[in-house]
Colleague: 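Please find one structure pasted underneath; my questions will follow.
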There are 2 protein chains.
Amino acid sequence: MADVKRSRIQTENRAAILAAALEVFSADGYRGATVDRIADAAGMSKPNLLYYYKSKEEIYREVLESTLEGWLEPLAAMDPAGDPFVELDTYIRAKVAMALARPAESRMFANEVQRGAPLMRDFLEGRLKTLVDEKAAVIGGWMDRGLMARTDPHHLIFMIWATTQHYADFDTQVQAILGARAGGPGFEDEVVTAVSGMVLSGLRVGP
Amino acid sequence: MADVKRSRIQTENRAAILAAALEVFSADGYRGATVDRIADAAGMSKPNLLYYYKSKEEIYREVLESTLEGWLEPLAAMDPAGDPFVELDTYIRAKVAMALARPAESRMFANEVQRGAPLMRDFLEGRLKTLVDEKAAVIGGWMDRGLMARTDPHHLIFMIWATTQHYADFDTQVQAILGARAGGPGFEDEVVTAVSGMVLSGLRVGP
DNA sequence: GTCTATATCCGGATAGAC
DNA sequence: GTCTATCCGGATATAGAC
């Protein structure tokens, strides 16, 4: 896929399709999305779109796979040798930034998982589980060394995922409740401060 | 709606339709769901189903509205006169129990919000916002009185929502990572302990 | 490479027999 | 109240002209 030689127009059109598909899939899910709306959003006709990707599923797989890796990076970057609170704060900061910068990707994954992850099962049980188990062990190590309070590392990771992705997946709800406060220029800092503060303050070890 | 007289068979069929619809809508979203699959799951023919509900949208509205109120109750029950940690722990406990007992409802709401909440907008900006603002003020009052550490009350509520609903909406992912540990008999307690512990420990005021 | 036209199927909804 | 049959719009995908 990645090594095929393509003309400039091909590259551009494929990119336009993937960008359009991301928006449609994230809003309506795989079943609810239509090739028609993707083609519209990509500014081309439906047959033309199907010249680049043979089927709706092929587009979906491509969008999923091309964005998945990016969401693993911040967790993978967590350094066992670092200070737990610096590492966790950095992680939370990165996840909040991603949720606010690329909410459509977050919603697409949420959608896929909510329908039982038919296309992501292997990824969830394989690469993701391996990475999470590994990082849970890192966090457990910090606890063993008395650097942070004891809690279940897996649930701590779930908590960070849930709280950060909430601002992407439930953006509509957050905006309905916070009004103009949400989405403004200082909002990312506000969220990072609140989330990081609440998550980490409970993990500090008493002096 | 509620006052119309109905035969026993009508009552049963309508209930079967709503139960089936909940499953289908929660997995595939409004657009992705089909009347056919709902009818199948309800054990009746499509025309027969449409004898009870005139359209797919009517079914959807009914399922949404009939389940919405239940999810507000635990928050509404939070008592300003109570102890903050008892009240918040009770709230978290109730939300975890609901997420594990009725995950399909949680996923259906998540789906509706993720697609921009076309049918729940008024609810989000009205009843929900009012309730959240009111309870945020209650939490703010506890902070003013020095009963708990200071943090943004709205984000605290979001955090409780996100962490508890995570176990319903991302159930597939949680199971992929935790394996047999998830879903077992002691799992609800495990989740309550982890979530309540992490959320509340950071809010305790120093001795 | 991109279009028009179209084959084919599926989904929502209705008509009318029983 | 429940069924079979069916209409019709919309959806995926393809054929073939340009």
Side-chain angles (χ1 to χ4, degrees), chain A residues 1 3-64 108 111-112 115 118-119, chain B residues 1-65 108 111-112 115 118-119:
Chain A
M1 266 296 182
D3 297 304
V4 180
K5 278 188 190 160
R6 295 207 183 90
S7 68
R8 193 177 55 87
I9 190 166
Q10 284 221 4
T11 309
E12 281 175 9
N13 277 344
R14 293 177 80 95
I17 291 168
L18 292 182
L22 175 61
E23 293 306 316
V24 176
F25 284 130
S26 71
D28 295 332
Y30 177 71
R31 288 193 115 110
T34 72
V35 178
D36 241 329
R37 275 202 303 278
I38 298 173
D40 267 7
M44 68 186 74
S45 69
K46 181 163 58 168
N48 194 13
L49 180 148
L50 287 167
Y51 164 77
Y52 289 98
Y53 291 96
K54 287 194 303 292
S55 69
K56 172 172 151 178
E57 185 177 327
E58 190 182 316
I59 306 171
Y60 186 63
R61 297 195 104 98
E62 182 78 13
V63 181
L64 266 184
M108 182 178 57
N111 239 306
E112 173 66 12
R115 69 184 190 123
L119 295 186
Chain B
M1 269 290 183
D3 296 306
V4 180
K5 278 187 188 160
R6 294 205 183 88
S7 68
R8 193 176 56 86
I9 188 166
Q10 283 223 4
T11 309
E12 282 174 11
N13 277 342
R14 293 178 80 95
I17 291 168
L18 292 183
L22 174 61
E23 293 305 316
V24 176
F25 283 131
S26 71
D28 296 331
Y30 177 71
R31 289 192 114 108
T34 72
V35 176
D36 243 326
R37 275 202 302 281
I38 298 173
D40 266 7
M44 68 186 75
S45 67
K46 180 164 60 168
N48 194 12
L49 181 148
L50 287 167
Y51 164 76
Y52 290 98
Y53 291 95
K54 288 193 302 293
S55 70
K56 173 171 153 179
E57 186 178 326
E58 188 182 317
I59 306 171
Y60 186 63
R61 298 195 103 98
E62 183 79 13
V63 181
L64 266 184
E65 285 167 17
M108 182 179 56
N111 239 306
E112 173 66 12
R115 70 183 188 122
L119 294 187

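In what follows, every heavy atom counts, from backbone to side chain, and hydrogens, waters and symmetry copies are set aside.
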Colleague: Would you mind reading off the distance between Gln10(A) atom CD and dT2(C) atom C1', rounded to a whole angstrom?
Modeller: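 Atom CD in Gln10(A) sits about 12 Å away from atom C1' in dT2(C).
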Colleague: Select base, sugar-phosphate, or nothing to describe what Ala33(B) touches, counting heavy atoms under 4.0 Å on all strands.
Modeller: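 The residue Ala33(B) makes sugar-phosphate contact but no base contact.
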Colleague: Let me know the distance between CZ of Arg37(A) and P of dA11(D), rounded to the nearest Å.
Modeller: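 It works out to 7 Å between those atoms.
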Colleague: Side-chain N or O of Tyr51(B) versus OP1/OP2 of dG1(D): is the shortest distance under 4.0 Å?
Modeller: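 So the side chain of Tyr51(B) is within the cut-off, an N or O lying under 4.0 Å from OP1 or OP2 of dG1(D).
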Colleague: In whole Å, what is the span from the NZ atom of Lys56(B) to the P atom of dG9(D)?
Modeller: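 The distance from NZ of Lys56(B) to P of dG9(D) comes to 18 Å, rounded to the nearest Å.
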Colleague: To the nearest angstrom, how far is Asp36(A) atom CG from dC10(C) atom P?
Modeller: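 That distance rounds to 18 Å.
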Colleague: Of the nucleotides dT2(D), dT2(C), dA13(C), which one has an atom closest to the side chain of Tyr52(B)?
Modeller: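 So the nucleotide nearest the side chain must be dT2(D).
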Colleague: In this structure, how many angstroms lie between the C1' atom of dG11(C) and the OH atom of Tyr30(B), rounded?
Modeller: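 Rounded to whole Å, this separation is 12 Å.
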Colleague: Does some side-chain heavy atom of Gln10(B) sit less than 4.5 Å from a side-chain heavy atom of Tyr51(B)?
Modeller: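 Counting from C-beta outward, Tyr51(B) and Gln10(B) do come under 4.5 Å.
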Colleague: Let's go through Asn111(A) and Asn111(B) carefully: what are the C-alpha distance in whole Å and the side-chain angles of both, what is the deciding distance for side-chain contact (heavy atoms from CB on, under 4.5 Å) to 0.1 Å, and is it a yes or a no?
Modeller: CA-CA 7 Å; Asn111(A) 239 306; Asn111(B) 239 306; 3.8 Å; yes
Colleague: Whole-Å distance between dT14(D) P and Tyr53(A) OH?
Modeller: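 After rounding, the reported distance stands at 17 Å.
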Colleague: Taking Glu62(B) for its side chain and Leu18(B) for its backbone only, find out whether a donor-acceptor pair lies under 3.5 Å.
Modeller: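 Between the backbone of Leu18(B) and the side chain of Glu62(B) there is no qualifying donor-acceptor contact (under 3.5 Å).
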Colleague: If I take atom CG in residue Leu50(A) and atom C1' in nucleotide dA15(D), what distance separates them, rounded to the nearest angstrom?
Modeller: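 Roughly 13 Å, once rounded to whole Å.
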Colleague: Of all the nucleotides listed (dA13(D), dG12(C), dT2(C)), which has the minimum atom distance to the side chain of Asn13(A)?
Modeller: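 Between dA13(D), dG12(C), dT2(C), the one nearest the side chain of Asn13(A) would be dT2(C).
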Colleague: Check whether any side-chain heavy atom of Met108(A) sits under 4.5 Å from a side-chain heavy atom of Glu112(A), and report yes or no.
Modeller: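 A side-chain contact under 4.5 Å is absent here.
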Colleague: Show the nearest heavy-atom pair for residues Ala33(B) and Asp28(B), with the distance to one decimal.
Modeller: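 Where Ala33(B) meets Asp28(B) most closely, the heavy atoms are N-CB, 3.8 Å.
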Colleague: Between N or O atoms, less than 3.5 Å apart, protein on one side and nucleotides 3-7 of chain C on the other: list the pairs.
Modeller:
unit_1 : atom_1 : unit_2   : atom_2 : d
dC3(C) : OP2    : Ser45(A) : OG     : 3.2
dC3(C) : OP2    : Asn48(A) : ND2    : 3.1

Colleague: Please report the distance, rounded to the nearest Å, between CG in Asp28(B) and P in dG12(C).
Modeller: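 Interatomic distance, CG of Asp28(B) to P of dG12(C): 11 Å.
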Colleague: Would Arg31(B) and Thr34(A) count as a side-chain contact (heavy atoms from CB on, under 4.5 Å) if you check the C-alpha gap in whole Å, the side-chain angles of each, and the deciding distance to 0.1 Å?
Modeller: CA-CA 10 Å; Arg31(B) 289 192 114 108; Thr34(A) 72; over 6 Å; no
Colleague: Phe25(B) ring centre to Lys56(B) NZ or CZ under 6.0 Å, with the angle to the axis within 45°?
Modeller: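 No, a cation-pi geometry is absent between Lys56(B) and Phe25(B).
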